[in-house]
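A, B, ... follow the sequence lines: proteins, then strands. Residue 1 opens every chain.
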There are 2 protein chains.
Amino acid sequence: MLVKDPVYLQLNKQLRDRLRGMAGQSGARFLTERQISAEFGVSRATANKALSNLVAEGLLEFRKGLGTFLRKPALDYDLQALVSFTGKARAAGKEPSTRLLQFKIQDAASIRGEVLKHLGDPPDGSLCFIQRLRLADGQPVILERRYVLGRFCPGLSAEDLLGSLYDLWTERYTLPIAGAEQTIQAVNLRAKEAQLLEAPCGSAAFLVISTGYLQPRQPLWWEQTLYRGDAYEFHNFLGPVRPAAPATGALRP
Amino acid sequence: MLVKDPVYLQLNKQLRDRLRGMAGQSGARFLTERQISAEFGVSRATANKALSNLVAEGLLEFRKGLGTFLRKPALDYDLQALVSFTGKARAAGKEPSTRLLQFKIQDAASIRGEVLKHLGDPPDGSLCFIQRLRLADGQPVILERRYVLGRFCPGLSAEDLLGSLYDLWTERYTLPIAGAEQTIQAVNLRAKEAQLLEAPCGSAAFLVISTGYLQPRQPLWWEQTLYRGDAYEFHNFLGPVRPAAPATGALRP
DNA sequence: TATAGCCGGTGGCTAAGCCACTAGTCAACC
DNA sequence: GGTTGACTAGTGGCTTAGCCACCGGCTATA
């Protein structure tokens, strides 16, 4: 971009950053027009224009004579909150825990084609299979079955798998997770799955088939994960111009 | 409403009306700030604020040195594909059809509070209840139960409900649909629902609870809709920087 | 103690003006 | 004739200065 953005758009970005820092503080007071005017060195009119756009987007709310305030809990742009069960459970005020059911290194040759199709044949031919049960306040919520490319988890041990895999990769391996593709289906739990999730056999669940990426074209894992239907729900917003947050899963209230 | 709305909000409404009259003329020129300032008797700053909000909503586009222009409705077609079953079915190569199960006008007083909470109490107190079965190639896929604000569907007849409601509003009423909020749950079908959807009793389904909006804060409908789990799935992409595509539903292959 | 009124701060809005940018015109030049 | 370049009118971007209506807390009064 050769030409600089107009001031009010730059301001908009900065205010949005500021807003993100205040995420969750629903109803809290935001900066006033006059504060912004002074702090950023722009006119009140420009400050108002930038604020006004944020109001139009539903992030803020004007209250005449009082100030501008955060509307609903600011949208979570944090990927961790989107993909990490640990984070989501804590956000819902529940204590997350994990029961490791299975953990083994397999040769790619012994894996059925569907898995490899999503991961691309790994050159070293090793894949890591992880089956975990995720619990919130002791209640089973998620049955996770995941294949991970072996070369991205050297020296992985069973103890490492008791917490957030998201944290594991971003912190220990310092491999930033770029995103995940999900296909969400509604299925009836089979006997074995129901038993593990401590739910009635045949009860409804989400089956989330998902590929996780390190970089846009570098797959890291492929998973087939069951979410108890009575404990989980997804939220989504369809619209042309909303600050399009992707669909987010959350523990049902 | 005891207090009058701020001028820029009133202006916003009037401009929106004007915009509606120009629907379809993509790329056409809209009023300039100075024209609005003269015609409506407001200051240029106020005119700009009202325009700016419409720009933020994606309806208009600023071009420095030229004027404000209608945006191309490319995104609009996207939205149609997202909310319209008719569109999705055709995209999957199946022939959509509709069986109208129920259609009645009700008084708001007779509606349980949950519905009104999402729609806001309509001043004229009339609500339209629509129950439809949507089929793809003759197979029932969706059981739709929807409440619509009566004042946005004057003269609605049963015949109107056999096609796409999305088309109905955008074309016949020329009321642009701005978006929809969705909560997606996994549930077991009850006997009556299963019978209508021609699925086994207790089989898994999506329950999508959704509020549709005309403008960011103007609800149009609230629906509680069942999707056969074996016929439908949702796709989603989680990531920090994505092409702004929300989760989309699609007929299962 | 309770109330009426003041006062500082807020967003709403106007006015007047300058800037950078765009497109069209039109005269001057090759 | 065709091209170039200056000029001009009109546009959104942005600032400054100022007044208004509104809100809530403080204060002085009854």
Report the distance from atom CD of B:Glu61 to atom C1' of C:dT22, rounded to the nearest whole Å.
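Nearest whole value for this atom pair: 15 Å.
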To the nearest Å, how far apart are B:Asn48 CG and C:dC13 P?
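Atom-to-atom, B:Asn48 to C:dC13, this comes out as 13 Å.
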Below 4.0 angstrom from OP1 or OP2 of [N], is there any side-chain N or O of [X]?
X	N	value
A:Ser43	D:dC14	no
B:Tyr8	C:dG12	yes
B:Thr46	C:dG12	no
B:Lys49	C:dG12	yes

Closest approach to the side chain of [X], judged atom by atom: which nucleotide of [options] is it?
X	options	value
A:Leu66	C:dC13, C:dG12, D:dC23	D:dC23
B:Phe62	C:dC13, D:dC14, D:dG12	D:dG12
A:Glu33	C:dC18, C:dT10, C:dG12	C:dG12

Using only atom types and a distance under 3.5 Å, with no angle test, would you say the side chain of B:Ser210 pairs donor to acceptor with the backbone of B:Gln182?
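No: the side chain of B:Ser210 does not pair with the backbone of B:Gln182.
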For B:Thr86, does its backbone N or O pair with a side-chain atom of B:Ser164 as donor and acceptor, under 3.5 Å?
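It does not hold such a pair.
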hbond_proxy A:Arg63 side chain to D:dG24 base (donor-acceptor, 3.5 Å cutoff)
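Counting by modelled atom types and ignoring angles, no donor-acceptor contact under 3.5 Å is found here.
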Compare every heavy atom of B:Leu100 with every heavy atom of B:Gln131, then report the nearest pair and how far apart it is.
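For B:Gln131 versus B:Leu100, the nearest heavy atoms are O-CD1, 3.7 Å.
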Comparing A:Ala47 and B:Arg34 on DNA chain D - which has the more 5′ nearest nucleotide:
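Upstream on the strand: B:Arg34.
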Output field: ring centroids B:Phe62/B:Phe69 closer than 6.0 Å:
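No.
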Taking for each residue the nucleotide of DNA chain C with the nearest heavy atom, is it A:Leu51 or A:Ala45 whose nucleotide lies nearer the 5' end?
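That would be A:Leu51.
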